[in-house]
Each structure stands twice: as structure tokens, then as C-alpha cells.
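Quick notes on the structure that follows.
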Protein chains: 2
Amino acid sequence: MHHDTRTAIIEAAASLFSDLGYSAVSMRDVANKVGVTPANLYHHFKGKDELIREALAHVFTHKTASLEALLNVNQDADEKLEAFVHWLVHLLAEDKIFCRLLVRELTDGDAGRLEYLSKTVFERPFTLVRSLASTRVRDGEDDFLAAVSIIGVVLGQVQLGAIVRHLPGGCSDHLDPDVITRHVIAALRECFKTTSIKDA
Amino acid sequence: MHHDTRTAIIEAAASLFSDLGYSAVSMRDVANKVGVTPANLYHHFKGKDELIREALAHVFTHKTASLEALLNVNQDADEKLEAFVHWLVHLLAEDKIFCRLLVRELTDGDAGRLEYLSKTVFERPFTLVRSLASTRVRDGEDDFLAAVSIIGVVLGQVQLGAIVRHLPGGCSDHLDPDVITRHVIAALRECFKTTSIKDA
DNA sequence: GTCTATATTCCGATAGAC
DNA sequence: GTCTATCGGAATATAGAC
């Protein structure tokens with residue numbers, strides 16, 4: 001399955017950490033999932049903290065690479081924003097390990113880990129969305145907050161998906177990434193349909 | 001400080017659980033924070049699971065009570081929606097224990113706890129927001145998803161606040177609940193400014 | 001590089017005195 | 001209702017054989 005034990009450990013740890021949280025997962029749990037002894041983990045990593053950092057790095061690094069290529073194709077700003085929403089919704093909906101570790105870090109990460117998270121995951125997409133928003137927000141509006149809202153509404157949709165089936169009127173359609181994507185794109189189109197600063 | 005030890009234990013537990021997560025907090029930690037012995041906790045609660053459930057109930061119950069009164073004053077649908085956004089932003093920004101436990105439950109809660117969370121926290125506000133949205137969304141749009149997006153964008157804004165200072169252009173202004181409230185209200189106004197179904 | 005075996009600390013939980 | 005004392009087990013981590 002894996003070329004080396006070290007990678008297998010990291011991927012097993014990432015999966016368990018995303019499901020249960022760091023402190024709920026023991027080194028024994030990770031070792032059992034890989035099929036090695038707990039002592040083996042301490043040959044590859046100094047301790048649990050290092051394993052957590054390596055697992056985060058493995059899951060977060062290069063996550064935005066596919067975004068770069070995607071946005072070099074579409075030229076129109078509207079199309080780029082819609083392509084971004086599609087990309088983000090599907091990323092969060094389909095890579096649950098990434099999504100859950102992301103939320104855990106936003107909630108629990110210390111200053112150092114949050115800065116690492118910002119650089120490796122958020123900085124590129126955020127800068128991009130902010131530049132797309134800045135040409136379209138109305139005077140007096142904050143393009144920084146607009147970018148946070150665009151990313152935030154997708155994040156919120158995915159997180160609230162956990163209780164959709166318990167809310168009145170909720171059905172499985174509301175968990176479909178394509179349905180969510182279309183909804184968010186339509187909402188943003190309304191939100192940004194005023195004359196852009198560029199046209200003024 | 002507290003009338004009874006039981007309440008003190010519950011509040012100390014809620015605070016620690018929200019900061020560190022359930023499994024990272026031991027019964028000893030809670031006991032030390034209260035100033036009693038660990039054995040005392042087992043006189044008031046059957047075990048850690050019961051303490052977790054009681055802490056959640058203490059933090060989540062009656063959280064939406066203030067919303068009811070608030071919305072009986074304002075009559076206009078626009079004003080009600082804006083009052084809701086103001087209420088939710090300030091609730092999530094100012095009651096960090098509530099906010100963090102909420103996110104933890106959305107991420108980690110089992111089916112039973114998620115249903116409990118839905119009923120005690122989300123059902124009333126969600127139904128309300130959905131009814132406000134349903135009169136204003138355009139034909140073909142889903143008022144359920146619109147309500148999820150309205151709640152979701154606020155939740156996303158608050159969660160992404162953890163990394164705002166690490167993002168290019170971020171400053172403390174973007175963490176101010178009043179600034180976030182104004183931004184979200186302005187964005188929703190754009191989003192919903194098309195002719196309502198009512199007017200058609 | 002992986003194992004067996006173990007040291008040490010901490011955990012949840014209980015018994016019983018006061 | 002709160003305490004002291006403690007049990008059995010599980011946690012992180014290490015030592016050393018293979």
C-alpha cells in the first residue's frame with residue numbers, strides 16, 4: 001500500500017486525528033492502524049507533538065496547487081470567482097481529513113500553528129479572492145471582509161451540513177457539493193452584481 | 001462565587017472543554033479548577049460522559065431566548081434579519097465558551113448530540129431565518145440553503161477570525177463584532193435586494 | 001527498521017472515613 | 001457533601017535485542 005512505514009504512519013495519524021482530535025488518539029491507536037508496534041513510531045518521530053506537526057504538514061502542503069492551474073484558464077473575473085467557489089466546496093466536501101483538520105486548527109491551533117496554516121492553506125486563495133472582490137465591491141465596502149465572507153460562507157455551509165438532516169426542511173440534496181456550489185455562486189452573483197469600480 | 005458546587009463544576013468543565021476539548025481535559029483538571037478533589041466530581045456526576053452532557057446542556061439551553069424578545073419588537077422583515085445578524089455575531093463573538101463548544105459539537109458530535117444541538121440551539125433561529133429568507137429569495141432559489149448561508153457566513157467570519165491577523169491586509173478592525181455585523185448586513189442587503197415574491 | 005519489555009506518569013473511577 | 005487513599009488500566013516514552 002505504502003512505500004515506506006513513515007508515510008503510512010503519517011497518513012494513519014492524519015486520519016485518526018481528523019476523526020477524533022489529537023488528544024483522543026493515542027500512539028497505540030496509530031500504531032495499531034498501521035500494523036506496527038508503538039515503539040516503532042518513536043523511531044520515526046521524536047514524540048506525539050512531532051507526529052501531529054508532520055501529519056498537518058502532509059495534509060496541508062500543496063493543497064492550493066490545483067487552484068493555481070484552475071484559475072490560469074478562466075480569464076473573466078466572474079468565472080474565476082465561480083471556479084474558486086466550485087474548487088473550495090468540492091475540496092472541503094471531498095477531502096474530509098483536510099476539512100476536519102482545518103477546522104480543528106482554526107479552533108485549537110496555537111499562534112505558531114495558525115500562522116503555518118495561514119501560509120500553507122489560506123494565503124494564496126485569500127489573496128486571490130480578495131483581488132477578485134476588490135474590483136467589484138461598492139465604495140465604502142471592505143474587500144478584506146468580502147473575501148473572508150466568501151470563504152466563510154463555504155466553510156459555514158460545509159460545517160452546518162452536520163445538522164442539515166435535523167433542521168426542518170433539510171434533505172440530502174442540501175449536502176450535495178454541486179447543489180451548494182450553485183447556491184453560493186447564485187448568491188454571490190446577486191451580492192456583486194452592482195457596477196464594478198472598474199467600469200466606473 | 002457559586003451557590004452550589006455542582007454548578008461550579010459544570011461551569012469549570014464547560015470552560016475547560018471549550019478551550020481544550022473533551023478528551024484533553026481530565027476530571028482532575030476540572031476538580032483543580034473548582035478547588036475540590038476529583039472524588040467529589042463522582043458524587044455529583046456518574047462519570048465524565050455525564051459531566052460533558054450536563055456542561056453542554058448548561059451552555060446551550062435557553063441560548064435563543066433573548067432572540068425571541070428581540071424579534072418581537074422589530075416588525076419589518078429587513079430589520080428582523082439585520083437584528084438577527086447583529087444578535088448572532090455578538091453571541092458568537094462574546095460568548096467564546098458557547099461558540100467553541102458549538103464548533104466542537106458540529107465537528108465531533110455523534111448523532112444523538114447533533115440532534116440535541118439542533119433542537120436546543122439551531123431550530124428556532126433557523127426556522128426564523130428561513131421564513132425571513134423565503135419571502136425574499138428569487139424564483140428557483142432554495143430558502144433552506146439561503147438560511148444556512150446566512151448563519152454560515154457569520155459562523156465562518158467568526159472562525160476565520162483566528163487567522164485574520166496572519167492574512168495580508170488583516171487588522172484588528174476585522175475582528176470587531178460591530179464591523180463584521182455591518183459588513184454582513186450590507187452584503188445580505190445586496191444579496192436580497194431584488195423584488196420580493198411578496199411584491200410580485 | 002522493527003521488535004519485546006518496561007519505566008513512569010496520568011487517567012477514570014471506587015471504597016470508606018468524616 | 002467532601003475528603004484521603006487507592007485500584008486497575010492506559011498513556012507517553014525509553015532501553016536494548018534482533
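All chains are named by letter (A, B, ...) in the order of the sequence lines, taking the proteins before the strands, and each is independently numbered beginning at 1.
- Put simply, CD1 on B:I9 is 11 Å from P on D:dG1, counting in whole angstrom units.
- As a whole-Å value, the separation of A:D29 CG from D:dG9 P is 18 Å.
- Nucleotide C:dC11 holds its C1' atom 16 Å from the CG atom of B:L16, rounded to whole Å.
- Both A:T37 and B:Y42 sit near DNA chain C, but only A:T37 has its closest nucleotide nearer the 5' end.
- Applying the 4.0 Å criterion to OP1 and OP2 of C:dT2, one finds that A:H44 has a side-chain N or O inside that range.
- The CZ atom of B:F45 sits 14 Å away from the P atom of C:dG12 (whole-angstrom rounding).
- The aromatic rings of B:F60 and B:Y116 are tilted relative to each other, their planes meeting at an angle between 30° and 60°.
- In this entry the distance linking OH of A:Y22 with P of D:dT12 reads 15 Å, nearest Å.
- Residues B:K63 and B:D95 form a side-chain contact, since some pair of their non-hydrogen atoms from C-beta on lies under 4.5 Å apart.
- Summarising the geometry, the separation between CG on B:L41 and P on D:dT2 is reported as 10 Å, rounded to the nearest angstrom.
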- Walk me through it: do B:R189 and B:E82 pass the test side chain to side chain contact (heavy atoms under 4.5 Å, CB included)? CA-CA 9 Å; B:R189 201 175 289 144; B:E82 293 177 8; 2.9 Å; yes
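- One finds a side-chain N or O of B:S26 lying less than 4.0 angstrom from the OP1 or OP2 phosphate oxygen of C:dC11.
- The A:A39 side chain lies nearest to C:dA5 when the options are C:dT2, D:dT2, C:dA5.
- In this model, the phosphate group of D:dG1 is not approached by any side-chain N or O of B:N40 to a distance below 4.0 Å at OP1 or OP2.
- Taking atom NZ on A:K48 and atom P on C:dT9, their separation rounds to 19 Å, with Å as the unit.
- Taking 4.0 Å as the cut-off between side-chain N and carboxylate O, B:E115 and A:R165 do not count as a salt-bridged pair.
- B:V30 comes within 4.0 angstrom of nothing in the nucleic acid, heavy atoms only.
- Applying the 3.5 Å distance criterion, the base of D:dA11 shares a donor-acceptor pair with the side chain of A:R28.
- Phosphate proximity of D:dT2 to B:H43: absent, as no side-chain N or O sits under 4.0 Å from OP1 or OP2.
- Residue contacts for A:V34: at a heavy-atom cut-off of 4.0 Å it reaches no nucleic acid atom on any strand shown.
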In residues 175-184 of chain B, what donor-acceptor pairs under 3.5 Å come from side-chain atoms, sequence neighbours left out?
unit_1: B:D176; atom_1: OD1; unit_2: B:D178; atom_2: N; d: 2.9
unit_1: B:D178; atom_1: OD1; unit_2: B:H90; atom_2: NE2; d: 3.1
unit_1: B:T181; atom_1: OG1; unit_2: B:P177; atom_2: O; d: 2.7
unit_1: B:H183; atom_1: NE2; unit_2: A:L145; atom_2: O; d: 3.2
unit_1: B:H183; atom_1: NE2; unit_2: A:S149; atom_2: OG; d: 2.7

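- In this structure, B:M27 places its CE atom 10 Å from P of C:dT14, rounding to the nearest Å.
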